[in-house]
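Read through the structure below, which is laid out as structure tokens, and then see the notes.
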Amino acid sequence: MTRVFFFVYGLIVLTVVAFAEYRGWSLNRVDEVLNVPRSVRDNPGSYRSVYSSYHHYTGGK
Amino acid sequence: MSSAGPTPAGNPHVKSLNCPGCGASLTVRSFGNAVTVICESCHSVLDAQDPSLKILQQFHAATSEDPPLIPLGSRGKLRGTLYEVIGFQRRTIQVEGVSYSWHEYVLFNPTKGFRYLTEYDGHWNDVSILRALPNLSAGEATLTYLGETYRLFQTAEAATAFVLGEFPWQVRVGEVVRFSDYISPPRVISSEQTGKEITWSIGEYSSGRDIWKAFKLPGDPPAPIGVYENQPSPLSQSVKSIWSLTGVFLILLLSLAVGVYWTESDEQIFEQTFEFNTSAGGEASFVTDIFQLKGRTSDVELTTTAGVDNDWIYLNYTLINQDTGHAYDFGREVSYYHGYDSDGSWSEGHTSNSVTIPSVPPGNYYLRIEPESDPNRGLIRYAVTVKRDVPQASFFGLAALALLIPAGLVTWRSLSFEHLRWAESDYSSPGDGSLLSTVGTIMGSLKSGDDE
């Protein structure tokens with residue numbers, strides 16, 4: 001029973017990996033925005049990324 | 001346990017006699033084979049070989065204080081042979097001031113002779129006398145019998161505390177034997193020494209349910225408590241088969257990884273170098289030329305390489321589908337610092353950074369890029385590279401972990417079982433309870449499993 005369960009489990013793991021690679025899944029998550037206006041191409045400053053207020057690292061050791 | 005040969009083949013001999021001590025009726029089931037018989041009424045140990053049933057010993061006990069779980073006279077089939085329960089005894093050992101008792105049942109078949117069942121805390125063993133001597137190792141820590149190695153588990157002195165029925169040896173209450181148990185689950189080989197006489201027997205672990213079924217006993221057998229010395233691990237075969245399957249699946253996973261790295265295009269679809277002048281002022285954001293993502297929905301990897309040296313640049317990215325307006329927002333920092341202090345040289349960060357955007361459909365895309373950095377930095381050059389259909393090694397790592405976890409859990413449970421077994425042993429070697437010794441024990445049991 002344990003063997004059958006593990007056999008099925010192993011098949012599922014391999015299938016998920018193969019599917020994830022095929023569909024281009026990633027562990028990264030990015031924000032998706034819908035309906036960005038075409039005018040951004042002509043006026044990039046009209047769009048503000050959600051990351052524009054990100055307080056990034058600015059120093060070394 | 002001592003043994004005696006059976007009478008010639010035939011039906012069971014049952015004869016009724018009277019106890020010379022109390023006059024109570026005695027039923028002798030193995031007449032001619034029993035050496036001693038115990039009167040159930042007055043607990044006289046009688047010489048069954050003597051026509052007048054000479055009283056050898058009398059002891060004070062109430063039969064009801066320790067009734068046999070399998071009543072005397074019960075008949076049941078073990079290994080295809082019908083046996084009758086003719087004797088019962090309780091034996092006791094003292095360990096660090098604590099008494100431990102187990103029960104032994106004498107079984108008899110007119111053609112097959114004697115056989116025994118032992119029971120301790122719901123754990124049963126089907127025992128028979130060895131017809132050949134096992135080979136003891138030099139230190140007597142192991143023995144081999146029929147090519148199988150048995151490890152010494154315990155040695156103790158056991159005293160007979162209670163007897164009932166018939167026995168093929170001169171049984172006495174208070175009789176003390178020195179015994180040693182050598183185990184190779186599910187078997188145990190025991191030596192019992194009385195004076196200069198040593199009797200060897202071999203037992204095989206049996207479930208109480210099977211015993212109950214064989215003797216058609218009412219109710220349920222007592223539930224086993226703890227792990228017994230030769231109780232087979234319910235997981236030893238699972239450990240072996242799951243690790244075999246894990247190996248197969250890991251090989252399949254490796255093959256899959258090779259296939260994915262071989263077939264995925266890892267196609268570079270955009271590369272351009274930009275300059276960012278931090279002191280220029282004005283709107284820093286801009287858009288790139290349009291590039292096309294072809295093929296199926298796939299991941300997209302964007303790599304930023306910047307000429308930063310003890311400096312940083314932060315880039316707000318938006319990957320925008322020209323046709324649908326669907327956009328992916330993300331930001332990446334590229335920073336690299338290095339120097340020298342009292343601890344020596346140090347460095348922090350890298351001059352490049354990659355990010356993977358999952359499941360991007362095909363289409364025409366462009367990037368909106370908004371760089372930021374120290375306003376006094378001046379000119380920073382950076383390159384942006386976009387690839388699609390890039391293999392993700394992390395999935396293979398996670399899958400390998402996911403495959404190893406069940407095997408690890410089963411192994412851990414098996415180790416725990418062996419740890420409980422050897423915690424009851426008198427001997428520190430090989431089962432001193434340490435992980436290493438327990439692993440060794442499991443490997444030994446797996447090897448034994450192979451041999452079977």
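A note on names: the letters A, B, ... follow the listed sequences, proteins ahead of strands, and every chain is numbered from 1. All heavy atoms count here, side chains included; hydrogens, waters and symmetry mates do not. Owing to the predicted nature of the structure, the values given are computational and were not obtained by experimental measurement.
- Between the side chain of B:Ser298 and the backbone N or O of A:Gly24 there is no donor-acceptor pair closer than 3.5 Å.
- Of the listed residues (B:Thr263, B:Val300, B:Ile369, B:Val260), the greatest number of heavy-atom pairs within a distance under 4.5 Å of chain A belongs to B:Val260.
- Annotation: the span from B:Ile242 atom CD1 to A:Phe7 atom CZ amounts to 13.0 Å, rounded to 0.5 Å.
- At least one side-chain heavy atom of B:Leu398 sits under 4.5 Å from a side-chain heavy atom of A:Leu27.
- Taking 4.5 Å as the limit, some side-chain heavy atom of A:Val40 sits within range of a side-chain heavy atom of B:Ile320.
- When heavy atoms are compared at a cutoff of 4.5 Å, B:Thr246 approaches chain A by way of both its backbone and its side chain.
- The aromatic rings of B:Phe249 and A:Phe6 lie perpendicular to each other, with more than 60° between the two planes, well past the 30° mark.
- Pairing each heavy atom of A:Val17 with each of B:Ala399, the nearest pair is CG2-CB, 3.3 Å.
- Taking chain A as the reference chain and counting heavy-atom pairs below 4.5 Å, the highest number among B:Ala284, B:Gly339, B:Ser285 is found for B:Ser285.
- Shortest non-hydrogen contact noted between B:Pro358 and A:Val30 is CD-CG2, 4.4 Å.
- B:Val360 does not touch chain A: none of its heavy atoms, backbone or side chain, sits under 4.5 Å away.
- With a 4.5 Å cut-off on side-chain heavy atoms, B:Leu245 and A:Tyr9 do not count as touching.
- Taken from CG in A:Asn35 to CG in B:Asn321, the straight-line distance is 11.0 Å, to the nearest 0.5 Å.
- Taking every heavy atom of both residues into account, B:Leu256 and A:Leu14 meet most closely at CD2-O, 3.8 Å.
- Atom CG of A:Asn28 sits about 9.5 Å away from atom CD of B:Glu301, to the nearest 0.5 Å.
- Proximity to chain A is limited to the side chain of B:Thr318, based on heavy atoms less than 4.5 angstrom apart.
- Proximity to chain A (any heavy atom under 4.5 Å) is restricted, for B:Glu264, to the side chain, taken from C-beta onward.
- Atom CZ of B:Phe286 sits in a crowded spot, with more than 12 heavy atoms from other residues, nucleotides or ligands closer than 6.0 Å.
- The closest side-chain heavy-atom distance from B:Gln392 to A:Trp25 is not below 4.5 Å.
- Between B:Asp323 and A:Arg38 the shortest heavy-atom distance is O-NH2, 3.5 Å.
- With values rounded to the nearest 0.5 angstrom, B:Ser359 atom OG is found 8.5 Å from A:Glu32 atom CD.
- In the displayed structure, B:Arg296 atom CZ is contacted under 6.0 Å by more than 12 heavy atoms of other residues, nucleotides or ligands.
- Between B:Thr288 and A:Arg41 the shortest heavy-atom distance is O-NH1, 2.8 Å.
- The shortest non-hydrogen separation linking A:Glu21 to B:Pro391 is OE1-CA, 3.6 Å.
- A donor-acceptor pair is defined here as one N or O able to donate and one able to accept, closer than 3.5 Å; such a pair exists between the side chain of B:Arg368 and the backbone of A:Tyr47.
- Remark: side-chain polar atoms of A:Arg29 are not paired, donor with acceptor, to backbone N or O of B:Ile357 under 3.5 angstrom.
- Sparse packing is recorded around NE2 of B:His350, with 12 or fewer heavy atoms of other residues, nucleotides or ligands lying under 6.0 Å away.
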